[in-house]
Amino acid sequence: GAVVSQHPSRVICKSGTSVKIECRSLDFQATTMFWYRQFPKQSLMLMATSNEGSKATYEQGVEKDKFLINHASLTLSTLTVTSAHPEDSSFYICSATAVLEDYEQYFGPGTRLTVT
Amino acid sequence: EDQVTQSPEALRLQEGESSSLNCSYTVSGLRGLFWYRQDPGKGPEFLFTLYSAGEEKEKERLKATLTKKESFLHITAPKPEDSATYLCAVLSTGNQFYFGTGTSLTVIP
């Protein structure tokens, strides 16, 4: 099956700093990538959808200036949490689809962000 | 309003006790319905895609079925290693994904 990786798997940062999370599709070209946030024992909350080479589409309530998304190539998308605060601590998961007609999203293993 | 509802929220089964998880959906048009398994602290793992009513798919002890309003994930003779949260998601004809809140399954030896 399609493999998606995320890096880092865990990160601890101080309040006010920025953190970048990478999402890579390892064995396929991802035309669309998604970024989710998940709180403990809750379902996935879609933050934004990004297509290669174009600006990300953010869900209502998600600050685009705080959560910067770049989808520079067909195999890489990055999420940068700027000026992180403790309330940004969460589990961030990316997913990718090869071609939208294929429909399936393949998820990365997630990144646990802790802001102290 | 498009939405996906999963039930029950949590399910405890004895090893070998078969059961079903439900995913009800209301969307303007269905392109696909997906089942995922998620273990704690990990990303969801893809299980099945169903595209049209009447379709069924199987994988080991799991079988997914689809009607025009809901999908069932049947678990036959579950084992402790089947313990996980099972997520259902729907892709609408408007290319929007909707996720359910999941069913947390615990299989007791």
Side-chain angles (χ1 to χ4, degrees), chain A residues 1-10 21-28 30-51 57-60 79 90-114, chain B residues 1-11 21 23-25 27 29-52 55 57 59 64 66 71 83-106:
Chain A
V3 179
V4 176
S5 70
Q6 273 184 250
H7 178 80
S9 58
R10 291 177 178 270
I21 302 170
E22 290 188 351
C23 177
R24 294 180 183 273
S25 56
L26 298 185
D27 53 0
F28 67 100
T31 51
T32 304
M33 285 186 167
F34 305 84
W35 285 95
Y36 294 86
R37 185 172 179 177
Q38 188 174 37
F39 292 102
K41 297 187 178 181
Q42 293 189 25
S43 189
L44 304 167
M45 183 189 82
L46 180 65
M47 298 175 66
T49 302
S50 73
N51 294 292
T57 302
Y58 289 81
E59 295 299 300
Q60 192 172 8
L79 167 68
S90 191
F91 192 53
Y92 292 87
I93 309 175
C94 73
S95 70
T97 58
V99 180
L100 196 57
E101 287 78 9
D102 284 353
Y103 302 164
E104 290 97 357
Q105 288 187 47
Y106 296 95
F107 286 85
T111 297
R112 173 71 60 191
L113 170 64
T114 303
Chain B
E1 180 185 353
D2 295 341
Q3 63 179 9
V4 175
T5 304
Q6 288 188 248
S7 62
E9 283 188 19
L11 182 62
L21 313 182
C23 172
S24 298
Y25 63 93
V27 292
L30 178 71
R31 272 197 160 174
L33 184 143
F34 313 89
W35 282 99
Y36 293 87
R37 168 190 171 131
Q38 186 176 24
D39 293 297
K42 297 186 178 181
E45 174 191 343
F46 172 75
L47 293 175
F48 303 110
T49 306
L50 301 168
Y51 295 103
S52 58
E55 190 175 359
K57 289 194 177 173
K59 179 181 179 180
L66 180 65
S71 174
S83 298
T85 295
Y86 291 85
L87 295 170
C88 167
V90 163
L91 175 65
S92 72
T93 50
N95 288 339
Q96 290 290 317
F97 281 96
Y98 301 92
F99 275 85
T101 53
T103 293
S104 176
L105 174 66
T106 303

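Every chain is numbered from 1 and lettered A, B, ... according to where its sequence line falls, protein lines coming before strand lines.
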Within-4.5 Å side-chain heavy-atom neighbours: E104(A) and F34(B): yes
For I93(A), is it the side chain, the backbone, both, or neither that has a heavy atom closer than 4.5 Å to a heavy atom of chain B? side chain
Keeping the roles fixed (side chain from T111(A), backbone from P8(A)), state whether a donor-acceptor pair exists under 3.5 Å. yes
Could you work out, with side chain to side chain donor-acceptor pair (under 3.5 Å) as the rule, every residue matching Q6(B), not counting sequence neighbours? none
Most contacts with chain A, counted as non-hydrogen pairs under 4.5 angstrom, among D39(B), L87(B), T101(B): T101(B)
If you count heavy-atom pairs under 4.5 Å with chain A, which of G32(B), P40(B), P44(B), S104(B) comes out on top? P44(B)
Of all residues at least two apart in sequence or in a different chain, which pass the side-chain contact (heavy atoms from CB on, under 4.5 Å) check with S24(B)? N22(B), E70(B)
What's the separation between atom OG in S71(B) and atom CG in L33(B), rounded to the nearest 0.5 Å? 4.5 Å
Tell me, for Q38(B) versus chain A, whether the close heavy atoms (under 4.5 Å) come from the side chain, the backbone, both or neither. side chain
Looking only at heavy atoms and a cut-off of under 4.5 Å, which of Q38(A), Q42(A), M45(A), Q6(A) has the most pairs with chain B? Q38(A)
